[in-house]
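Heavy-atom basis, side chains included; hydrogens, waters and symmetry copies ignored. Heads up: numbering here begins at 1 and tracks the sequence. Numbering of ligands and ligand atoms starts at 1, following listing order.
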Amino acid sequence: MDIYEAMSTLRAVRRLKPDPIDEDIVERIFTAATWAPTGGNMQPWRMIKVTDPAKKQALEDLYRPHWESYIPGYEKKMESMPASVQSSSRRALEAGTYLARHLHEVPVIAVFCYNPSIMTITDADQPRPSVVGGGSVYPAVQNFLLACRNEGLGCVLTTLLCIEEPSVKKILEMPEDWFTCAHVPVGYPVLGGHGSINRKPLTTMMSENTWGNLA
Ligand SMILES: Cc1cc2nc3c(=O)[nH]c(=O)nc-3n(C[C@H](O)[C@H](O)[C@H](O)COP(=O)(O)O)c2cc1C
């Protein structure tokens with residue numbers, strides 16, 4: 001599909017069918033991830049394709065309580081949102097709860113892993129949380145999401161399981177020096193799947209030459 005159409009309709013799809021995905025398609029979406037750039041082309045990231053029912057259930061058991069504890073704060077935030085945004089936020093919340101209860105059923109969970117010791121992290125010494133390391137993994141995640149979009153597969157980048165990283169590493173039998181930064185459930189959409197997105201316009205996101213009026 002047209003790349004601009006793919007990017008502008010890549011939204012979080014959290015209601016996923018348990019139906020299997022053709023192996024050729026699975027191979028294509030994982031291969032697309034491998035084309036991403038990384039600092040110094042070190043490629044300090046890996047993917048684990050989780051299909052084993054017991055492992056998916058174990059991941060869901062770790063995920064669900066964190067999603068449930070996230071709901072009250074989100075509902076509070078929703079109270080101050082305009083009515084038009086409230087209804088879509090409510091739908092997203094319900095879809096999130098659906099995912100939290102059905103994660104074990106999705107055909108594939110892609111777990112993105114990284115090894116910081118082989119990353120070029122140029123902002124490591126700045127007095128703020130470092131983000132550059134993520135730049136050597138998340139482009140691969142985005143490639144993966146776009147490839148799913150292209151294949152008509154629903155998907156969503158999730159990170160709540162990072163709170164449970166030691167347990168996730170144990171379930172996936174990961175080595176000590178590798179960590180996780182994204183868990184992407186993939187499956188055919190139950191409802192409409194990808195579609196229109198709600199994002200800030202370019203005028204509020206970019207200025208020329210200086211920071212200008214950006215907020
Ligand atoms: C860094 C990051 C972490 C996220 N973590 C989660 C998550 O743990 N669970 C979840 O359901 N969605 C998660 N999301 C999805 C976002 O909530 C979603 O992309 C955002 O609300 C925009 O929704 P839309 O693409 O449907 O417009 C995450 C997205 C990003 C980029």
Side-chain angles (χ1 to χ4, degrees), residues 3-17 33 36 45 47 50 56 58-78 80-82 84-106 108-114 129-150 152-165 167-168 171 179-202 204-205:
I3 187 136
Y4 288 108
E5 191 193 340
M7 290 190 291
S8 62
T9 56
L10 178 62
R11 67 182 176 197
V13 179
R14 299 184 176 91
R15 293 178 198 263
L16 303 168
K17 290 183 184 169
W45 65 276
M47 295 170 284
V50 183
K56 288 188 291 182
L59 293 179
E60 177 181 314
D61 292 344
L62 290 172
Y63 184 93
R64 199 180 332 102
H66 288 288
W67 176 261
E68 279 163 6
S69 61
Y70 167 78
I71 294 174
Y74 191 82
E75 280 180 327
K76 186 106 206 92
K77 224 164 53 188
M78 273 169 48
S80 56
M81 292 176 187
S84 57
V85 184
Q86 260 184 37
S87 60
S88 63
S89 298
R90 168 73 48 201
R91 280 198 302 277
L93 197 63
E94 285 166 4
T97 300
Y98 182 96
L99 176 68
R101 291 176 182 164
H102 293 263
L103 196 58
H104 69 284
E105 281 176 2
V106 304
V108 174
I109 303 172
V111 179
F112 286 79
C113 312
Y114 67 96
S130 169
V131 296
V132 170
S136 282
V137 196
Y138 287 113
V141 180
Q142 183 71 2
N143 270 11
F144 183 84
L145 298 173
L146 283 168
C148 289
R149 170 75 191 98
N150 190 48
L153 288 164
C155 55
V156 55
L157 194 171
T158 78
T159 52
L160 278 178
L161 278 172
C162 295
I163 303 167
E164 295 286 348
E165 188 169 64
S167 305
V168 170
I171 292 165
F179 302 93
T180 61
C181 68
H183 311 78
V184 183
V186 182
Y188 288 100
V190 171
L191 305 174
H194 296 289
S196 61
I197 54 173
N198 178 20
R199 301 288 188 262
K200 292 182 174 125
L202 178 63
T204 65
M205 300 300 279

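Contacts with ligand 1 closer than 4.0 Å are made by side-chain heavy atoms of Val156 only, the backbone lying farther away.
Atom numbering of ligand 1 starts at 1 in the shown order; those under 4.0 Å from a heavy atom of Arg11 are 24 (P), 25 (O), 26 (O). Atoms of ligand 1 found under 4.0 Å from any heavy atom of Trp67, numbered from 1 in the order shown, are 11 (O).
When hydrogens are left out, the protein atom nearest atom 9 (N) of ligand 1 is Tyr63 OH, 2.8 Å; that is the closest non-hydrogen contact. When only non-hydrogen protein atoms are considered, atom 19 (O) of ligand 1 lies nearest to Ala12 CB, 4.3 Å. Among protein heavy atoms, the minimum distance from atom 25 (O) of ligand 1 is reached at Arg199 NH2, 2.8 Å. Looking from atom 3 (C) of ligand 1 to the surrounding protein, the closest heavy atom is Thr159 OG1, 3.2 Å. Among all protein heavy atoms, the one lying closest to atom 20 (C) of ligand 1 is Arg14 NH2, 4.7 Å.
Taking all atoms of both residues into account, the shortest heavy-atom contact from Trp45 to Ser136 is CD1-O, 3.4 Å. Taking both residues in full, the closest heavy atoms of Pro65 and Glu60 are given as CD-O, 4.4 Å, listed atom of the first, atom of the second, then distance. The shortest non-hydrogen separation linking His66 to Ile163 is CE1-CG2, 3.4 Å. Nearest heavy-atom pair, Ile197 versus Ser8, reported as atom, atom and distance to 0.1 Å: CG1-O, 3.3 Å. The heavy-atom pair separating Met78 from Gln86 by the smallest distance is O-NE2, 3.0 Å.
Contact analysis leaves Tyr138 out of contact with ligand 1, as no non-hydrogen atom separation drops below 4.0 angstrom. Distances shorter than 4.0 angstrom do not occur between any heavy atom of Tyr70 and any atom of ligand 1. Judged by the shortest distance from any of its heavy atoms, Leu157 lies inside the 4.0 Å radius around the atoms of ligand 1.
Note: Trp67 and Tyr70 have tilted aromatic rings, judged against thresholds of 30 and 60 degrees for the angle between ring planes. Using bins of under 30°, 30° to 60° and over 60° for the plane-to-plane angle, the ring pair Phe179/Tyr114 lands in the tilted bin.
Looking at heavy atoms from C-beta onward, Thr97 lies in side-chain contact with Arg101 at the 4.5 angstrom threshold.
Under the 4.0 Å distance rule, the nearest protein heavy atom to atom 7 (C) of ligand 1 falls inside the cut-off.
Of the charged side-chain nitrogens involved, none lies within less than 4.0 Å of a carboxylate oxygen, so that Glu105 and Lys17 do not count as a salt-bridged pair.
Residue Ile197 has no nitrogen or oxygen atom sitting less than 3.5 Å from a nitrogen or oxygen atom of ligand 1, judged on distance alone.
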